[in-house]
*Asks:* 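Below you will find the structure I want to go over with you.
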Amino acid sequence: MNDQTSKKVITRFAPSPTGHLHIGGARTAIFCWLMARHFGGKFLLRIEDTDIERSRQEYTESILSSMRWLKLDWDDEPVFQRGRFYIYDKNIERLLESGHAYWCACSPEEVETMRERARAAGEKPRYDGRCRNLHLGPGPGRVVRLAAPMAGRIEFTDMAKGRLSFDASELDDMVLRRADGAPTYNFSVVVDDIAMNVSHVLRGDDHVNNTPRQILIYRALGADLPVFGHVPMILGPDRQKLSKRHGAKAVIEYEKDGLLPEALVNYLVRLGWSQGDKEIFSREELVAAFNGKNLSGSPAAFDPEKLLWVNARHLREAKPEDILPLLLPFLEEAGAPMRDRTLLLGAISLFQPRARTLKDLAEQMRTLLIAADELHYDGEILALLGTEGCGHLVCLGGKIDELPDFCPETLHQCLRAYVEERGVKFKAVGQAMRIALLGSVNGPDLAGAMAILGKDEVRNRLDRTLAQFSAATNHI
RNA sequence: GUCCCCAUCGUCUAGUCGGCCCAGGACAACGGCCUUUCACGCCGUCAACAGCGGUUCGAAUCCGCUUGGGGACGCCA
């Protein structure tokens, strides 16, 4: 970083609405957002919808909704390039007048031939600039091209990659305005970044090669350069370009899988950025720590396992009341009936440390929340329970009836006392109770679970288990 | 093909201007402890400076080459 950060930091995220917000785009957005929030600047949004064929309104909405879910709030109204064609045209006029651009009458086929020829000659495929000095005017099928310098070096310092240098001879006279009047990507980006006063352009690695071209446009337009930062792409676990089969999905899918936005943000930021050995960051910690330094220059592979681990950490540390609203849809999906708030909060804190995702949490909580008659005990589980287990259930049922209250401490003592006086292993009693109460040999702390179920429900489940057990054994 | 970028454990990474690194943390794996089962947690094990040349008293750190990977070469973004 340099003295340019002393100016107001303005970053922007500029997705094109041709798909949902995916992992790579989300990380770029997070970096931009963090940068702006860290320096107290602005984070702007621009929808690059100049490709009329592929842009879809529903994707714009999906992207915005994923941004909101990630809690990446933007400043000002989003800018839509679709509505700014007149501005691009005005800038085209300027460049035409100043001699930085010219009309070209070559057909796409002709240009393609030139490229093939260059490629065959072992050069970089490029347009040869044959219309540059023809002083053509507008006409059907004609495009406007930049009169790029033929020689020299184009250099800039990148936030992630350091000093970068390109030879001007590598670049050809790129199209700025298409035959249909639409601006090309490189042109609209520069015009808009200038208009929006963007100070720091953070984007994917795949744009490095566009940067020297864009710098040429900045120069032609007589504008100051922003600071560029090209963050390396995210690769699949097999180190190939990220795609759906890697389990790298759109942000919206992670939302559906029950990830916490904080966790996704945390994980994604750590892909290509680090702060010593620190792994788990709260949003506030990220804002405080992220200053655009320590960006990695090399690509990172996406690891779903670690994502899950990060999520589990955030889930475990979150307050139940913060989790509850996010959990509601998952409880419904899991078929768990709604219960009162206190009960739900209690259940959350009971299961919280053992769940990796909200979906996971909801499914685990379900066994506690559903009505007793929905609990299913299969033959295998009942066999595990055995006559001895049933004996425990009967005795404990009696003990429980006499309890003065039904709080975890009392229940815990009750269980302990029972084990003590019977001289049996807690393990055996615990398993029997767990089978009766949860229909499973695994689960959370028994006293905690019982307290949440309440006395009636515990009784209910004990009776029901015993009934099913005797029914099953009578059949044999 | 041409240009650009990258290169530390399987993965994410630490490693400020070369010595404190026979390389640290985390995920995963494996082993153990804890325990009321499963988790959680705790402890430990396995595991890397791509290769080759330089520069230097000394290099994971600087330079070059090689190899490997990625990206870009559109009237897509």
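Each chain gets a letter, A, B and so on, in the order the sequences are listed, and its residues count up from 1. Please read all numbers here as calculations on a predicted model, not as lab measurements.
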*Asks:* Just by protein heavy atoms under 4.0 Å, how would nucleotides 23-29 of chain B read 5' to 3' in B, S and -?
*Replies:* -BBBSS-
*Asks:* Which is true for A:Gly204 with a 4.0 Å heavy-atom rule: it touches a base, it touches only sugar-phosphate, or it touches nothing?
*Replies:* nothing
*Asks:* So which nucleotide from B:rC5, B:rA72, B:rU36 ends up closest to the side chain of A:Leu164?
*Replies:*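 Within the option list, the nearest is B:rC5.
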*Asks:* Using a cut-off of 4.0 Å on non-hydrogen atoms, how would the nucleic acid contact of A:Pro108 be classed: base, sugar-phosphate, or nothing?
*Replies:* base
*Asks:* Considering every strand shown, what is the Watson-Crick or G-U wobble mate of B:rA14 when both distances are under 3.5 Å?
*Replies:* none
*Asks:* Quick one: on RNA chain B, does A:Gly162 or A:Lys427 contact a more 5' nucleotide (nearest heavy atom)?
*Replies:*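 Closer to the 5' end of RNA chain B: A:Gly162.
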*Asks:* Using side chain to side chain donor-acceptor pair (under 3.5 Å) as the criterion, list what pairs up with A:Ser55, not counting sequence neighbours.
*Replies:*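 So A:Ser55 forms no side chain to side chain donor-acceptor pair (under 3.5 Å) with any residue.
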*Asks:* Could you let me know what B:rA72 is paired to, Watson-Crick or G-U wobble, both distances under 3.5 Å, or none if it's on its own?
*Replies:* B:rU2
*Asks:* Quick one: list whatever passes salt bridge (charged side-chain N to carboxylate O under 4.0 Å, His left out) with A:Arg54, sequence neighbours left out.
*Replies:*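 With sequence neighbours excluded, A:Arg54 shows a salt bridge (charged side-chain N to carboxylate O under 4.0 Å, His left out) to A:Asp51, given in chain and number order.
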*Asks:* Could you check whether the side chain of A:Arg119 and the base of B:rU2 have a donor-acceptor pair of N or O atoms closer than 3.5 Å, going by distance alone?
*Replies:*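 Answer no: no donor N or O sits under 3.5 Å from an acceptor.
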*Asks:* Mind calculating the distance between CG (A:Asp206) and P (B:rG74) to the nearest angstrom?
*Replies:*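 Going from CG in A:Asp206 over to P in B:rG74 covers 15 Å.
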*Asks:* When rounded to the nearest Å, what value does the distance between C1' atoms of B:rA7 and B:rC52 take?
*Replies:*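 The same atom, C1', in both gives a distance of 15 Å.
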*Asks:* Which value, in whole Å, describes the distance between the C1' atoms of nucleotides B:rU66 and B:rA77?
*Replies:* 36 Å
*Asks:* Contact class for A:Leu446 vs. all strands (heavy atom < 4.0 Å): base, sugar-phosphate, or nothing?
*Replies:* base
*Asks:* What is the nucleic acid contact for A:Val441, judged by heavy atoms within less than 4.0 Å: base, sugar-phosphate only, or nothing?
*Replies:* base
*Asks:* Examine B:rA77: is either OP1 or OP2 under 4.0 Å from a nitrogen or oxygen in the side chain of A:Arg213? Give yes or no.
*Replies:*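 Result: no.
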*Asks:* State the pairing partner of B:rG58; accept Watson-Crick or G-U wobble contacts with both distances under 3.5 Å, and report none otherwise.
*Replies:*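 Here B:rG58 is not engaged in any pair, so there is no nucleotide opposite it.
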*Asks:* Checking all strands, does A:Pro15 fall into the base, sugar-phosphate, or nothing category for heavy-atom contacts under 4.0 angstrom?
*Replies:* nothing
*Asks:* Within the 4.0 Å limit for protein heavy atoms, which parts of nucleotides 62-69 of chain B are touched? Write it as a string from 5' to 3', B for base, S for sugar-phosphate only, - for none.
*Replies:* --------
*Asks:* For A:Asn210, report the nucleic acid contact type (base, sugar-phosphate, nothing); a contact means any heavy atom under 4.0 Å.
*Replies:* base
*Asks:* As a test of reading the structure: which of B:rA77, B:rU36, B:rC73 is closest to the side chain of A:Arg54, going by heavy atoms?
*Replies:* B:rA77
*Asks:* If you find the nucleotide of RNA chain B closest to A:Lys161 and the one closest to A:Arg177, which residue's nucleotide is nearer the 5' end?
*Replies:* A:Lys161
*Asks:* NA contact type, A:Thr50, heavy-atom cut-off 4.0 Å: base, sugar-phosphate, or nothing?
*Replies:* sugar-phosphate
*Asks:* Is the shortest side-chain N to carboxylate O distance from A:Lys161 to A:Asp205 below 4.0 Å?
*Replies:* yes
*Asks:* Expressed as a whole number of angstroms, how long is the span from A:Ile215:CD1 to B:rC4:C1'?
*Replies:*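 A:Ile215 atom CD1 is separated from B:rC4 atom C1' by 13 Å.
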*Asks:* Check whether any side-chain N or O of A:Arg115 sits under 4.0 Å from OP1 or OP2 of B:rG74, and answer yes or no.
*Replies:* yes
*Asks:* Regarding A:Asp172, tell me which of base, sugar-phosphate or nothing describes its non-hydrogen contacts under 4.0 Å with the strands shown.
*Replies:* nothing
*Asks:* Run the side chain to side chain donor-acceptor pair (under 3.5 Å) test against A:His207 and tell me which residues pass, sequence neighbours left out.
*Replies:*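 Residues passing side chain to side chain donor-acceptor pair (under 3.5 Å) with A:His207: A:Tyr185, A:Asn210.
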*Asks:* Can you measure from CZ (A:Arg283) to CG (A:Leu70) and round to the nearest 0.5 angstrom?
*Replies:*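 Answer rounded to 0.5 Å: 7.5 Å.
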*Asks:* So how far is it from A:Leu171 CG to A:Leu146 CG, rounded to the nearest 0.5 Å?
*Replies:*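 One finds 9.5 Å between CG of A:Leu171 and CG of A:Leu146.
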*Asks:* Quick one: do A:Glu421 and A:Lys399 make a salt bridge, cutoff under 4.0 Å?
*Replies:*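 A salt bridge links A:Glu421 with A:Lys399.
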*Asks:* Could you tell me whether the phosphate oxygens of B:rG41, OP1 or OP2, come under 4.0 Å of any side-chain nitrogen or oxygen in A:Arg316?
*Replies:* yes
*Asks:* Within the structure shown, what part of the strands sits under 4.0 Å from A:Ala301 by heavy-atom distance: base, sugar-phosphate, or nothing?
*Replies:* sugar-phosphate
*Asks:* Under 4.0 Å between any heavy atoms, over every strand shown, what does A:Ser165 touch: base, sugar-phosphate, or nothing? Just pick one.
*Replies:* sugar-phosphate
*Asks:* A:Ser298 has a side chain; which of B:rA77, B:rC6, B:rC75 sits nearest to it?
*Replies:* B:rC6
*Asks:* Can you name the side chain to side chain donor-acceptor pair (under 3.5 Å) partners of A:Ser165, sequence neighbours left out?
*Replies:*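 A:Ser165: side chain to side chain donor-acceptor pair (under 3.5 Å) contacts with A:Arg153, A:Glu155.
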*Asks:* As a quick check of understanding, evaluate side-chain hydrogen bond (donor to acceptor under 3.5 Å, both in side chains) for A:Asp167 and A:Ser169, giving each step before the final call.
*Replies:* CA-CA 5 Å; A:Asp167 201 307; A:Ser169 65; 3.0 Å; yes
*Asks:* How many whole angstroms separate atom OH of A:Tyr185 from atom P of B:rA72?
*Replies:*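 It is 12 Å, rounded to the nearest whole Å.
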*Asks:* Separation of A:Arg126 atom CZ from B:rC75 atom P, in whole Å?
*Replies:* 13 Å
*Asks:* Going by distance alone, is a donor N or O of one side chain under 3.5 Å from an acceptor N or O of the other, for A:Arg203 and A:Thr211?
*Replies:*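 Yes.
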*Asks:* Please report the distance, rounded to the nearest Å, between CG in A:Asp193 and P in B:rA77.
*Replies:* 15 Å
*Asks:* Pick base, sugar-phosphate or nothing for A:Leu176, based on heavy-atom distances below 4.0 Å to the nucleic acid.
*Replies:*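 The answer is nothing, as A:Leu176 stays clear of every strand by at least 4.0 Å.
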*Asks:* On the nucleotide B:rA14, are OP1 or OP2 found under 4.0 Å from the side-chain N or O atoms that A:Ser274 carries?
*Replies:* yes
*Asks:* Does the structure show a Watson-Crick or G-U wobble partner for B:rC42, both distances under 3.5 Å? Name it, or say none.
*Replies:* B:rG32
*Asks:* Please check if any side-chain donor atom of A:Ser62 sits under 3.5 Å from a side-chain acceptor atom of A:His20, or the reverse.
*Replies:* yes
*Asks:* Which distance, rounded to the nearest 0.5 Å, do you find between the CG of A:Leu350 and the CG of A:Leu361?
*Replies:* 10.0 Å
*Asks:* Base, sugar-phosphate, or nothing for A:Met233, non-hydrogen atoms under 4.0 angstrom?
*Replies:*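 The residue A:Met233 makes sugar-phosphate contact but no base contact.
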*Asks:* Could you give the distance separating B:rC12 and B:rG54 at their P atoms, to the nearest angstrom?
*Replies:* 32 Å
*Asks:* Could you measure the distance from the CG atom of A:Leu393 to the CD1 atom of A:Ile435? Nearest 0.5 Å is fine.
*Replies:* 8.5 Å
*Asks:* Determine the contact category for A:His230: base if any of its heavy atoms lies under 4.0 Å from a base atom, sugar-phosphate if only primed atoms, P, OP1 or OP2 are that close, otherwise nothing.
*Replies:*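 Nothing: the residue A:His230, judged by heavy atoms under 4.0 Å, touches no strand.
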*Asks:* Tell me: CG of A:Leu271 to C1' of B:rU11, nearest whole Å?
*Replies:* 10 Å
*Asks:* Specify the separation, in whole Å, of atom OH of A:Tyr267 and atom P of B:rU13.
*Replies:*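 Spelled out: OH on A:Tyr267 to P on B:rU13 is 8 Å.
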*Asks:* Once you apply the 3.5 Å cut-off to both distances, tell me the Watson-Crick or G-U wobble partner of B:rG64, or none.
*Replies:*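 The answer is B:rC52, by the H-bond criterion.
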*Asks:* Give one of base, sugar-phosphate or nothing for A:Gly122, where a contact means two heavy atoms less than 4.0 Å apart.
*Replies:* sugar-phosphate
*Asks:* What is the separation between atom CG on A:Asn442 and atom P on B:rC38, rounded to the nearest whole Å?
*Replies:* 7 Å
*Asks:* Considering every strand shown, what is the Watson-Crick or G-U wobble mate of B:rC20 when both distances are under 3.5 Å?
*Replies:*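 Base partner found: none.
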